[in-house]
Amino acid sequence: MREAAISDAWKSYRGAPAEGAILCEADDIGEGSLKSIKFGPADFPILIVRSAGTLVAYVNACPHQYLPLDHRGSNVLSADGAVLRCTNHSAGFRVRDGVGVEGLGQDCVLDAIPIVVDDEGRIRVRAASPT
């Protein structure tokens, strides 16, 4: 099965948040749930998911047609918390790495946004590690 490569593709979108930007409070997202936010003046679309004790964030844009995954409703996360499904064409992506696993999502990958929870319990865009 295909694995996601680490990428900075999220940075190429217009209005992408800067490294260190505060996205929301970590407590706003319970286990097995997600939060859809629009960040900054450009309303940059982000999905943040907490599943299996881990927080992940993706650009909220299905790579099939670049519509938000929640374009037609909020029922995006599978009952078991393992798959994000586009509400437009049912493309499915693994929560843990964004790799397409169902339907029109196969051979596609969601653009991950690196995040971290800071000492105040806020979710921030993680700064790149110096090389």
Side-chain angles (χ1 to χ4, degrees):
M1 175 146 303
R2 183 176 169 183
E3 291 297 320
I6 297 173
S7 169
D8 283 338
W10 64 276
K11 292 180 180 180
S12 67
Y13 289 85
R14 182 179 68 82
E19 293 175 350
I22 297 169
L23 302 178
C24 66
E25 298 290 325
D27 289 345
D28 290 350
I29 307 164
E31 177 62 33
S33 67
L34 62 81
K35 183 175 182 92
S36 176
I37 63 172
K38 292 187 178 185
F39 180 84
D43 285 340
F44 185 81
I46 301 171
L47 278 180
I48 304 173
V49 185
R50 186 186 300 264
S51 181
T54 303
L55 280 166
V56 293
Y58 296 103
V59 175
N60 188 4
C62 179
H64 171 241
Q65 287 190 328
Y66 291 95
L67 291 169
L69 294 173
D70 56 352
H71 179 68
R72 292 190 178 196
S74 60
N75 193 17
V76 175
L77 188 61
S78 65
D80 65 0
V83 176
L84 291 167
R85 250 183 224 99
C86 177
T87 58
N88 198 45
H89 288 113
S90 298
F93 305 90
R94 277 193 309 239
V95 167
R96 76 170 189 254
D97 60 8
V99 170
V101 293
E102 296 176 358
L104 297 169
Q106 293 184 36
D107 296 323
C108 296
V109 178
L110 296 174
D111 290 322
I113 301 170
I115 57 173
V116 64
V117 178
D118 69 16
D119 293 341
E120 287 82 38
R122 301 171 298 190
I123 297 173
R124 290 181 176 268
V125 177
R126 187 177 66 224
S129 300
T131 51

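Computed over heavy atoms, backbone and side chain alike; hydrogens, waters and symmetry mates excluded.
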For Asp28, give me all partners under salt bridge (Lys or Arg N to Asp or Glu O under 4.0 Å), at least two apart in sequence or on another chain.
Lys35
Closest contact, heavy atoms only, [X] versus [Y]:
{"X": "Gly81", "Y": "Val95", "answer": "O-CG2, 3.4 Å"}
{"X": "Glu19", "Y": "Lys11", "answer": "OE2-NZ, 2.9 Å"}
{"X": "Phe93", "Y": "Gly100", "answer": "CD2-CA, 3.5 Å"}
{"X": "Gly105", "Y": "Ala91", "answer": "N-CB, 3.3 Å"}
{"X": "Ala18", "Y": "Val125", "answer": "O-CB, 3.6 Å"}
{"X": "Pro17", "Y": "Phe39", "answer": "CB-CE2, 3.4 Å"}

Counting N and O atoms only, with roles assigned by atom type, does the side chain of [X] sit under 3.5 Å from a partner on the main chain of [Y], one being a donor and the other an acceptor?
{"X": "Tyr58", "Y": "Val109", "result": "no"}
{"X": "Arg124", "Y": "Val116", "result": "no"}
{"X": "Arg96", "Y": "Thr54", "result": "no"}

More than 12 foreign heavy atoms under 6.0 Å from CG of Asp80: is that the case here?
yes
Minimum side-chain heavy-atom gap Ser78-Arg85 below 4.5 Å:
yes
State, yes or no, whether a side-chain contact exists between Ser90 and Leu104 at a heavy-atom distance under 4.5 Å.
no
Hey, what do you get for [atom1] ([X]) to [atom2] ([Y]), rounding to the nearest 0.5 Å?
{"X": "Glu25", "Y": "Glu120", "atom1": "CD", "atom2": "CD", "answer": "9.0 Å"}
{"X": "His71", "Y": "His89", "atom1": "NE2", "atom2": "NE2", "answer": "9.5 Å"}
{"X": "Thr87", "Y": "Asp70", "atom1": "OG1", "atom2": "CG", "answer": "6.5 Å"}
{"X": "Asn88", "Y": "Leu67", "atom1": "CG", "atom2": "CG", "answer": "5.0 Å"}
{"X": "Cys24", "Y": "Ile37", "atom1": "SG", "atom2": "CD1", "answer": "5.5 Å"}
{"X": "Cys86", "Y": "Asn60", "atom1": "SG", "atom2": "CG", "answer": "9.0 Å"}

Using side chain to side chain contact (heavy atoms under 4.5 Å, CB included) as the criterion, point out the one residue from Ile46, Leu47, Asp8, Ile48 that pairs with Ile113.
Ile46
Does the plane of the ring in Phe44 sit parallel, tilted or perpendicular to the ring in Tyr13? Use 30° and 60° as the thresholds.
perpendicular
Do [X] and [Y] land in one hydrophobic cluster if side-chain heavy atoms of ILVMFWY residues count as linked below 4.5 Å?
{"X": "Val59", "Y": "Tyr66", "value": "yes"}
{"X": "Val49", "Y": "Val76", "value": "yes"}
{"X": "Leu55", "Y": "Val83", "value": "no"}

Give the intermediate values and the outcome of side-chain contact (heavy atoms from CB on, under 4.5 Å) for residues Val56 and Ile115.
CA-CA 7 Å; Val56 293; Ile115 57 173; 5.6 Å; no
